[in-house]
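The structure under discussion appears below in the form of C-alpha cells.
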Amino acid sequence: MTTLQQEFVNIDRDYDPPGLRLTLELDGATQQDIERGIHAAKRVFALAQISSYAAAIAADYQALEDPDLVLTAEQHEWAGIWWEAQEAAVAAACSELPAGEKTFLFSQTWDDAPEPISGNYIRGTTWLGKETQE
C-alpha cells in the first residue's frame, strides 16, 4: 500500500501584483455606484487581511477541483472571502439603484488588459438582494 503525499498550493496572502485592480460591471450603475461597490469589496479584503489577488486565486483553484491543486483549510476560507467581497460590492453598488433585476460582473484585471482576466468571474443576476448565477 502506498501513501500519496499531496502538496498544498503556495499562495501568498499579502501579494498584490502591481497594476491589478478590481472591476465591477452592473446594469444601470453610474460610476459612483461602481466606485461604492469596489470600495465595499476592498473593505472586505482589508478586514480579512488578505489581498484580493490571493482570495481570487484561492477561489479559482477551489472552482477547478483539480486534485493536484490542494488548498489548505485557510485557503478555502480565502476563496469564501472572494465571494463575500463580490456580494458586498454588488450590494453597495445597488444600494441607490431602483429595484429590479440587475446583471453584474465582479472580477479583477490588469490596468492594460482589454477585459477581465480573473478565471473566477461569473456573470450573475441579482434581484432585490437575492443573487443567482448564470
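For clarity, every value in this text was computed on a predicted model and none was experimentally measured.
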Where do [X] and [Y] come nearest, in terms of heavy atoms and distance?
X	Y	answer
Ala59	Trp83	CB-NE1, 4.0 Å
Ala58	Leu71	O-CD1, 3.5 Å
Val44	Ala88	CG2-CB, 3.7 Å
Ile81	Ala48	CD1-CB, 3.5 Å
Ala41	Leu22	CB-CD1, 4.1 Å

When rounded to the nearest 0.5 angstrom, what is the spacing between [atom1] in [X] and [atom2] in [Y]?
X	Y	atom1	atom2	answer
Glu77	Gln62	CD	CD	11.0 Å
Ile11	Thr72	CD1	OG1	7.5 Å
Glu84	Arg43	CD	CZ	14.0 Å
Phe106	Ile34	CZ	CD1	11.0 Å

With sequence neighbours left out, what residues match [X] under side chain to side chain contact (heavy atoms under 4.5 Å, CB included)?
X	result
Leu47	none
Glu65	none
Arg13	Gln49, Ile50, Glu74, Trp78
Pro17	Tyr15, Leu20, Tyr53, Trp110

For residues 89-97, which side-chain donor-acceptor pairs fall under 3.5 Å, sequence neighbours excluded?
unit_1 : atom_1 : unit_2 : atom_2 : d
Ser95  : OG     : Arg36  : NE     : 3.2
Ser95  : OG     : Ala92  : O      : 2.8

His39: which residues meet the side-chain hydrogen bond (donor to acceptor under 3.5 Å, both in side chains) condition with it, sequence neighbours left out? none
Should [X] and [Y] count as side-chain neighbours, where that means a heavy-atom distance under 4.5 Å?
X	Y	value
Arg21	Thr109	yes
Asp66	Tyr61	no
Thr23	Leu105	no

Would you say the side-chain atoms of Gln75 pair up with the backbone N or O of Val9, donor to acceptor, closer than 3.5 Å? yes
Is the backbone N or O of Thr30 less than 3.5 Å from a side-chain atom of Asp33, with the two atoms forming a donor-acceptor pair by type? yes
